[in-house]
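Quick note: numbers below take in every heavy atom, side chains included, and nothing from hydrogens, waters or symmetry partners. Both ligands and their constituent atoms are indexed starting at 1 by order of listing.
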Amino acid sequence: MAAPLLELKGVSREYQSGDRTIAVLKDINLSIAEGEMVAIVGPSGSGKSTLMNIIGLLDRPTAGTYAITGSETHQLDSDALSRLRREHFGFIFQRYHLLSELSALGNVEVPAIYADRPSDARQARGAALLDRLGMGDRAGHKPGQLSGGQQQRVSIARALMNNGNVILADEPTGALDQQSGEEVLGILSELHAEGHTVVIVTHDMKVAARAQRVIEISDGRIVADRRAREENAQVPHKQSSIAEKEHRSAGWGELGNRLREAFLMAILALKAHRLRTFLTMLGIIIGIASVVSVVALGEGSQRKVLDNINNLGTNTLEIFPGKSFGDTRSGRIKTLVVADADALAKLTYVSAVTPTVSTSSTVRFGSTEANALINGVGDAYFSVKGSKLVAGRLFDADGVRRMVQDAVIDQNTATTLFADKGLDPTGQVIFVGKVPVRVIGVIASQQGGFGSSDNLSVYLPYTSVQARFLGDMSLRSITLRINDDTESSLAEAAATQFLERRHGTKDFFILNTDDIRQTITSTTRTMTLLVSAIAVISLLVGGIGVMNIMLVSVSERIAEIGVRMAVGARRQDILQQFLIEAVLVCLLGGTLGIALALSFGLAFNRLGSNFAMVYSGSTIALAFTCSCVIGLTFGYLPARNASRLDPVAALSRD
Ligand code: ADP
Ligand code: MG
């Protein structure tokens, strides 16, 4: 004789409550044959649901054995149990336990998703089942739009979805009115007639009257086991027995399929709580936006500053009187003189030298007057600085020697003095203070240096400026252009030594543009690093926010998790679903964050700041990766909590 379909021997179930143990089931011996319709009756609290959960592999007995077609279930791990649930059992609950975000059809399909059935086959079967249960025209309705009886039909369709041969119904009519209850029982009887094994838990004897066999439980023990009428041992064999069902392991296609479903589910879940999803993302949005903006700002400002330095001339040294920048006495140090410049010019590693002096004064042409910086420079100045001549010519060494009153002006000055008169500046005579000078050339305005580029600059031979404006022979600075094949730091050391010997003391200091470049590069890099660290901290806080909300979401959706497990979800499926939700939230947040940063940059650049934010693809890619990693990291704990839930405990919480 074949082993019975389900067989419990000496099964007991105890709960630990504080330091007391409560025995809910005591020494249950029960076997159910394939094709039977069994009602389990008994008063509330007698242990019916507990027994049902053990039969349905949602719970394990504390002691005793449970065999399905003769195979012991004791040693099976949770994945094997969920496979058995998925393939052989269909659950119907008193409170339907439909997933509220899904349509009727969507709910019916859920067990097939975990059984890796392809989507079209799933839909066809789900629709056919709903049709058969008289719900064909309601397939697109959400559970909230259905009556109790209709919801219970949907849950019956779900129970049938994977073609499991055992239907377990725990008080299926308990929440229904008389008529709907009758209909549901009618359906269950039909299913039995088709060959399904049906186990109904009820405390209603009228319901029990429909079964061929009634098992009565009281206080955790079976007190009666009656067969209502003689069974005609004609079990219509509509399907294979449990032992024959093949074990199919999921291949890549199925894994992809399941991932896709989990992804769709995650989107539904996020959509169901839009505001919460958005608030969860906010931390990530702000974090990512600030990381991306900060890096772009850092990059932009660094480029700007480096541009400015490059404008100072390449490979130049600038010698100033005084100890260092900001030396308050440097104005009184008069030891830097033209003779120094001439001596430096003779050195082999120096390719050009220009002394500079400067003062500020008004410039006037006709009735137009403005303040300008008057630079007294040598003829080599323009080549040292790499100035671009726009019109006219520059003064030469001879002009410098003769202290000519010839001026080169920059475009700013030209525009200010001549634009409204429509005159060609070259050849015009302008007044610098009270001194008339002739404009001989126009050069492009120096973008930057460290002053604002809006300044007006007028260039005269330094000899003229010293004689006519300063009455003083000392220099503001000497600028050297180093031979291209000489290392600027070596040249700096040599020039320092040379001048020190000439002056007998070090009453000057040298600015090396290479040094400045390096200092600024490393400074902005440090700044970027620092601010990035702050941004990373804000990302971390955002991540913790995600974790927090995910934990809340898990505890809110415990019933959903229980249902999913009851219809055959593996722990891994639940883990995956919540992880995908977390990653999705973070990726979405990351995308919005990047968009925010880009629009911030757009506004920033539009506002006409004097440098642009520079976004690099790698920063954006990094931001995306960051969001993913945050999702995975901070989603893991909540997802693991969800996957480790005990299905019974999850289902009993409403
Ligand atoms: P029924 O379905 O027959 O109404 P149950 O099987 O749900 O009864 O419960 C039987 C008994 O087991 C009840 O007294 C209930 O309080 C107890 N019980 C059920 N689940 C737990 C649990 N997780 N922890 C402690 N006691 C439980
Ligand atoms: Mg119960």
Any donor-acceptor pair under 3.5 Å from K48 side chain to E216 backbone: no
SB check E72 K9 (cutoff 4.0 Å): no
Ion pair R564/E261, N-O distance below 4.0 Å: no
Residue pair E581 / A266: nearest heavy atoms and the distance that separates them: CG-CB, 3.4 Å
Smallest separation among heavy atoms of M135 and V154, with atom names: CE-CG2, 3.7 Å
D27/R221 salt bridge by N-O under 4.0 Å criterion: no
Presence of salt bridge, E101 and R557, under 4.0 angstrom: no
Atom-level proximity to ligand 1, residues with heavy atom under 4.0 Å: Y15, V24, P43, S44, G45, S46, G47, K48, S49, T50
N, O or S atoms of the protein lying under 2.8 Å from the Mg ion (ligand 2): S49 OG
N548 side-chain N/O to I544 backbone N/O, donor-acceptor pair under 3.5 Å: no
K26 with D219: basic N within carboxylate O range, under 4.0 Å: yes
